[in-house]
Amino acid sequence: MNATFFHLALTVKNLAKFESFYAKHFGFQRARTISLGDDAELVFLKNGENFYFEIFPPEEERPCAMSEADGPHYPGLRHIAFSVDDVDAKIADMGDDAVITLGPLHFDDVIEGWKTVWLKDPEGNIIEITQGYKDQEAVA
């Protein structure tokens, strides 16, 4: 039986800022809102045909500071990545919303034309924006 990726679940403090950022810069739109009672909502944001963020309201405070650079290096979610045609153009298009934490870095020694930058979303989550990644050719 095959499985298909469905969503990435996140808990955010400011849904309006989070939703606006991802709608403006990455084309997400609200797909569904579910009432959780007491004015709390569970929101699904959709990008394309099959990538969703499932957004929960916080129920407690964050126990530690958010990571910088390319994300935490301990076990867990390190960062969210988006592929673009031109990293520099995307950063310029984002303007002040592009809060860079690392890079841009070139990885031409691994893949010619591969370039990446990491930045923070409004919640402090690390996002990778990359161009030029290519899969490895099949090894016979």
When you group the ILVMFWY residues by side-chain heavy-atom contacts below 4.5 Å and let the links chain together, are [Y] and [X] in the same group?
X      : Y     : answer
Ile80  : Tyr52 : no
Ile55  : Met66 : no
Tyr133 : Phe5  : no

Subject >> For Tyr74, ring pair (Phe, Tyr, Trp, His ring centres under 6.0 Å) partners two or more places apart >> reply: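 Checked Tyr74 against ring pair (Phe, Tyr, Trp, His ring centres under 6.0 Å); zero matches.
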Subject >> ring pair (Phe, Tyr, Trp, His ring centres under 6.0 Å) involving Phe56 - partner list, sequence neighbours excluded >> reply: none
**OP:** Please identify each residue that fulfils side chain to side chain donor-acceptor pair (under 3.5 Å) with Thr130, with sequence neighbours left out.
**Re:** Trp114, Thr116
Subject >> Residues in side chain to side chain donor-acceptor pair (under 3.5 Å) contact with Arg78, at least two apart in sequence or another chain >> reply: Asp70, His73
Subject >> Residue pairs, two or more places apart or on separate chains, that pass salt bridge (Lys or Arg N to Asp or Glu O under 4.0 Å) and touch residues 119-135 >> reply: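 Every salt bridge (Lys or Arg N to Asp or Glu O under 4.0 Å) pair that includes a residue of residues 119-135, provided the two are not neighbours, is Glu68-Lys120.
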**OP:** Starting from Met1, walk the hydrophobic network (Ile, Leu, Val, Met, Phe, Trp, Tyr; side-chain heavy atoms closer than 4.5 Å) and list everyone else you reach, by chain and number.
**Re:**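 ILVMFWY cluster around Met1 holds nothing else.
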Distance-only criterion, 3.5 Å: show the donor-acceptor pairs between side-chain atoms of residues 8-18 and protein atoms not counting sequence neighbours.
residue : atom : partner : partner atom : Å
Asn14   : OD1  : Ala16   : N            : 3.3
Asn14   : OD1  : Lys17   : N            : 3.0

Listing, residues 83-92 side-chain donor-acceptor contacts under 3.5 Å, not counting sequence neighbours, or none:
residue : atom : partner : partner atom : Å
Asp86   : OD1  : Asp88   : N            : 2.9
Asp86   : OD1  : Ala89   : N            : 2.9
Asp88   : OD1  : Lys115  : NZ           : 3.0
Asp88   : OD2  : Lys115  : NZ           : 2.5
Lys90   : NZ   : His25   : O            : 2.3

Side-chain atoms of residues 100-110: list all donor-acceptor pairs with protein atoms under 3.5 Å, sequence neighbours left out, distances to 0.1 Å.
residue : atom : partner : partner atom : Å
Thr101  : OG1  : Ala69   : O            : 2.5
Thr101  : OG1  : Trp118  : O            : 3.3
Asp108  : OD1  : Gly113  : N            : 2.6

Subject >> Rounded distance [0.5 Å steps], CG in Leu42 versus OG1 in Thr33 >> reply: 8.5 Å
Original post:
Atom CZ of Phe82 and atom CD1 of Ile129: how far apart are they, to the nearest 0.5 Å?
Top reply: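 Here the rounded value is 8.5 Å.
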**OP:** Can you sort out the partners of Glu19 under salt bridge (charged side-chain N to carboxylate O under 4.0 Å, His left out), two or more places apart, ordered by chain and number?
**Re:**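 Only Arg30 meet the salt bridge (charged side-chain N to carboxylate O under 4.0 Å, His left out) criterion with Glu19.
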**OP:** Name all pairs fulfilling the side-chain hydrogen bond (donor to acceptor under 3.5 Å, both in side chains) condition that reach into residues 36-45, sequence neighbours left out, sorted by first residue then second.
**Re:** none
**OP:** Measure the shortest side-chain to side-chain distance between Phe21 and Phe26 over non-hydrogen atoms and say whether it is less than 4.5 angstrom.
**Re:** yes
Subject >> Sole residue of Phe44, Phe53, Phe51 in side chain to side chain contact (heavy atoms under 4.5 Å, CB included) with His7 >> reply: Phe44
